[in-house]
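What follows is one structure encoded as C-alpha cells, with my remarks underneath.
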Amino acid sequence: MNKPDTPVASNFIRNIIDDDLAANKNDGRVVTRFPPEPNGYLHIGHAKSICLNFGIAAQYNGQCNLRFDDTNPVKENEEFVNAIKADVEWLGFEWDNLKHASDYFDELYNFAVELIKQGKAYVESSSAEEMREMRGTLTEPGTESPYRNRSVEENLDLFARMKAGEFDDGEHVLRAKIDMASGNINMRDPTLYRIRKVDHVRTGKTWSIYPMYDYTHCLSDAMENITHSLCTLEFEDHRPLYDWVLDELKTPAHPQQIEFARLSLEYTILSKRNLIQLVEDKHVTGWDDPRMPTITGIRRRGYTPAAIRDFCDRIGITKNDAWIEMAVLETCIRDDLNEHSPRRMAVIDPIKVVITDLPDGYTETLSFANHPQNEAFGRRDIAFTKEIMIDADDFSENPPPKYQRLVPGGEVRLRGSYVIKCEEVIKNDAGDIVELRCTHDPATLGKKPEGRKVKGVVHWVSATEGVTAEVRLYDRLFNIENPASANTLEDALNPQSMVIHKQCCIEASLADAKPEERFQFERLGYFVADRFEHTNATPVFNRTVTLRDTWAK
RNA sequence: UGGGCCGUCGCCAAGCGGUUAAGGCACCGGGUUUUGAUCCCGGCAUUCGGAGGUUCGAAUCCUCCCGGCCCAGCCA
C-alpha cells in the first residue's frame, strides 16, 4: 500500500512500534485490526482508524484483520456488515483475515468458567438499578454486592444455567471480582456477560448469554495475536480492565492497547446518534446522501479513496482533541481531482447568447484539450454555434468592482473560442434577462485581441448542441463549526446545503458519462455523475467541491 | 487530592537535553496562465498554556498553577 518513496508521517504510535521492533518484542511481528461494531455505517472518522490500522500493517510488513465486534445482537445486522466490508474495500484496503467476535463465543465462555473457578468472577443477581446504586459515584467508592462471595460451585452452576437459557433477560449477570472501591469505575466489578434471549446474526439461537465489549475485545485481540490494539481515547480508562482480563487468564499473547484521538471535523457531526437523527428526520435523503460524512455519502459526493487516504495522512495521529478544518479535506480532493479529472464545460443557470454577426445555423468545430497540463488526456471537439448558453452570474448589468465577466457593451473571452461583445440585453415583461445579443471578433480565435486587453474568460455550451442535465450543488450540511453544540441539530443545518438545478446545459461529450465518472466543470468545480441516479438519458451530476476561489464575491 | 488523559503559529502537526522550533492547511503578497483554477516564487512562532526550578544549555527533565477532554450501560 505504501510506496517506498512515500515517507510515512511520524507519530507516537509508530514511535512505540519502532521501539518494540528495536527491542524485538513480538518477534518483530506487527498485527493490527479494525474492529467495527456492525450497527451502522462507517464514516470519515472510521476512515482515520482504517488508514491507521491498515497503514501500519502495510508499513511494517505486518497484517491487519477486519473484525466485526458483534457481541450485542440487538443492535447488529447483516446489512451493516456488508456495507462496512464494501466501504473498507472501496477505501483501497485488503484485510488479512475476516473475523467476528462471535467466532470466539465458545472460547470466551470457557475463559469465563476459568475465571469463576479462580474466584475472579461471580454471578450477580441484583437488578441493573441496584447495581448502579452499589457502583458508587465518581467521587465515592462503591459497595460490594451481597452476591459477591457466592461459592465457586454456585457460580459455576448459575452461569451454566444462564447459558442454558433458564433465566430471563436481566435476572443475572456475570461480573469480574476486582475492586468496588477503585477510582476507575471500570474496575468496580464490571459486567462480563449478560443474558439476551435474542437471535444472533451469525450464531442464531445458540446463545442466550452474550459477552461484553471489555471482556471480549482483549481476548479476541489475544486470540488473533494482535500486537498493537489501537482504539480511541475514551477507552483509556478501560485499558486496566483489558490488561486485567489478559493477566488473570494468562493468555499466550498480551496485545498492547494504545489510544489515539478520534476525528472531529468542523461543520459536520460524526456521532452515530446524530447521524441516525439526520436520516430519520429526513434532513438528508439517506445514509448515502452526498452531504453525509459517511463513507458511502462521501463516495457519492465524488470523493476518491486516494483523497480520503491523503486526508488521513495529513491530519496525523495524536492524543490531542483536535478539530480539523473542512479546508483540509477539500484541499485533498481538489489536489486529486485537479490532477486526475478531465475538463468539461457545463452551464448551471443558462442565459441564451445570440452571436448576431454569425449566419443562422452557423456551426464551427473547435478542439479542446481535456486537461490543461497533461496532454495524455487527449482532446475533444466542441461545436461552437450561433446560439450558446453562458451562466447567469457571468453577466452583470451592475457589476461589482473588479468584475471580469460580461457587462453591457463589454467584451469577454469565450473559453477556447472567440472574444464577444455584448451589444444588447433583451428582457421580458417582468424585467428578467432572457437573452444577450452579442457580436464576435473573428480575429480572436486562438489569438489575443489587438489593441486592447480582454481579461475575463467565460465558459459556455452550444444552445443547440448541448444536452440538458440535472446538477446538484452541494455545500456543507451545517452552518456552525460544531453542530453538536447547537440547541438542536435543526438549528445548525445549512438550508442551502443542496441546491438542485434541473435545466442545466452541459456539453454533448458529457452525455456518455458513466455513474461515478468525475470531471472538472471549468470555472465551477469538480462534479461526479451520480452513482445511483445518473443515466445517459437523464444525466445527474453532483458537485463534489468548488474550485478554489480567491475572488471575493 | 475520585480516576485517566491532553495543552508547540488561525487549524492540524514534527520535535524526545545542544536544530535558524520541520511540514501541511489557511492567510498575505508577486510571477505565469484563454479556468478569478492549476503551477511557480516569497512572507507567515526570538518562541513552545503560565510561573518557578535543575542544567554550561530546556519545547524537551522536576515542582506548582491555569485551561480543556473522558469515565458512574446488563452499549461499543
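Values below: every heavy atom of this structure, side chains too, minus hydrogens, waters and symmetry copies. Chain identifiers are assigned alphabetically (A, B, ...) following the order of the sequence lines, protein sequences preceding nucleic acid strands; residue numbering begins at 1 within each chain.
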Original post:
At their closest point, which heavy atom of A:Gly302 faces which heavy atom of A:Arg518, and how far apart are they?
Top reply: O-NE, 2.8 Å

Original post:
How long is the gap from CZ on A:Phe159 to CG on A:Leu174, to the nearest 0.5 Å?
Top reply: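 Answer for the CZ-CG pair, A:Phe159 versus A:Leu174, is 5.0 Å.
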
**OP:** Using Watson-Crick or G-U wobble geometry with both distances below 3.5 Å, tell me the partner of B:C64, or none.
**Re:**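 Base-paired to B:G50.
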
**OP:** Tell me the partner of B:A14, counting only Watson-Crick (N1-N3 plus N6-O4 or O6-N4) or G-U wobble (N1-O2 and O6-N3) with both under 3.5 Å; none if nothing fits.
**Re:**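 B:A14 is paired with nothing.
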
May I ask you to say what [X] touches in the nucleic acid, namely base, sugar-phosphate or nothing, with a heavy-atom cut-off under 4.0 Å?
{"X": "A:Met131", "value": "base"}
{"X": "A:Gly142", "value": "nothing"}
{"X": "A:Glu37", "value": "sugar-phosphate"}
{"X": "A:Lys75", "value": "base"}
{"X": "A:Phe235", "value": "base"}

Quick check on [N]: is either OP1 or OP2 less than 4.0 Å from any side-chain nitrogen or oxygen of [X]?
{"X": "A:Arg194", "N": "B:A76", "value": "yes"}
{"X": "A:Thr318", "N": "B:A13", "value": "yes"}
{"X": "A:Asn186", "N": "B:C70", "value": "no"}
{"X": "A:Thr71", "N": "B:C75", "value": "no"}
{"X": "A:Asn320", "N": "B:G7", "value": "yes"}
{"X": "A:Thr191", "N": "B:C74", "value": "yes"}
{"X": "A:Arg188", "N": "B:G73", "value": "no"}

Original post:
Hey, is A:Tyr213 stacking on B:A76? Ring centres under 5.5 Å, planes under 30°.
Top reply: no

Subject >> Note, A:Tyr193 side chain near A:Leu108 side chain (heavy atom, < 4.5 Å) >> reply: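 The answer is yes; the side chains approach within 4.5 Å.
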
Subject >> Quiz item: A:Glu339 side-chain donor-acceptor pair to B:U38 base, under 3.5 Å >> reply: no

Original post:
With distance as the sole criterion, do the side chain of A:Arg413 and the base of B:U34 form a donor-acceptor contact below 3.5 Å?
Top reply: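 Yes.
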
**OP:** Apply the test side-chain hydrogen bond (donor to acceptor under 3.5 Å, both in side chains) to residues A:Arg33 and A:Ser229: give CA-CA distance (whole Å), side-chain angles for both, the deciding distance (0.1 Å), then the verdict.
**Re:** CA-CA 7 Å; A:Arg33 97 274 90 113; A:Ser229 181; 3.1 Å; yes

**OP:** Report yes or no: is the cationic atom of A:Arg543 (NZ for Lys, CZ for Arg) closer than 6.0 Å to the six-membered ring centre of A:Tyr474, at no more than 45° off its axis?
**Re:**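 Relative to the ring axis of A:Tyr474, which defines the angle, A:Arg543 lies outside at least one limit.
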
Subject >> cation_pi(A:Lys163, A:Trp207) dist<6.0 Å, angle<=45 >> reply: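 Yes, A:Lys163 sits over the ring of A:Trp207.
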
**OP:** Write down the distance separating the C1' atoms in B:C6 and B:C44, rounded off to the nearest Å.
**Re:**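 One C1' to the other, the span is 27 Å.
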
Original post:
ring pair (Phe, Tyr, Trp, His ring centres under 6.0 Å) between A:Tyr242 and A:Phe235: does it pass, once the steps are laid out?
Top reply: CA-CA 10 Å; A:Tyr242 183 105; A:Phe235 291 103; over 10 Å; no

Using a cut-off of under 3.5 Å, enumerate the N/O to N/O pairs linking the protein to nucleotides 65-68 of chain B.
none

Between protein and nucleic acid, restricted to nucleotides 24-27 of chain B and to nitrogen or oxygen atoms under 3.5 Å apart, what atom pairs and distances do you find?
residue : atom : partner  : partner atom : Å
B:G24   : O2'  : A:Arg314 : NH1          : 3.4
B:C25   : O3'  : A:Thr331 : OG1          : 2.9
B:A26   : OP1  : A:Thr331 : OG1          : 3.1

Original post:
Can you pull the ring-ring contact (aromatic ring centres under 6.0 Å, His included) pairs that have at least one residue in residues 166-188 of chain A, sequence neighbours excluded?
Top reply: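 For residues 166-188 of chain A, and leaving out neighbouring residues, the ring-ring contact (aromatic ring centres under 6.0 Å, His included) pairs sorted by first residue read A:Phe167-A:His172.
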
**OP:** For the pair A:Glu259 and A:Gln257, evaluate side-chain hydrogen bond (donor to acceptor under 3.5 Å, both in side chains) and give the outcome as yes or no after the intermediate values.
**Re:** CA-CA 7 Å; A:Glu259 310 85 11; A:Gln257 174 177 306; 3.0 Å; yes

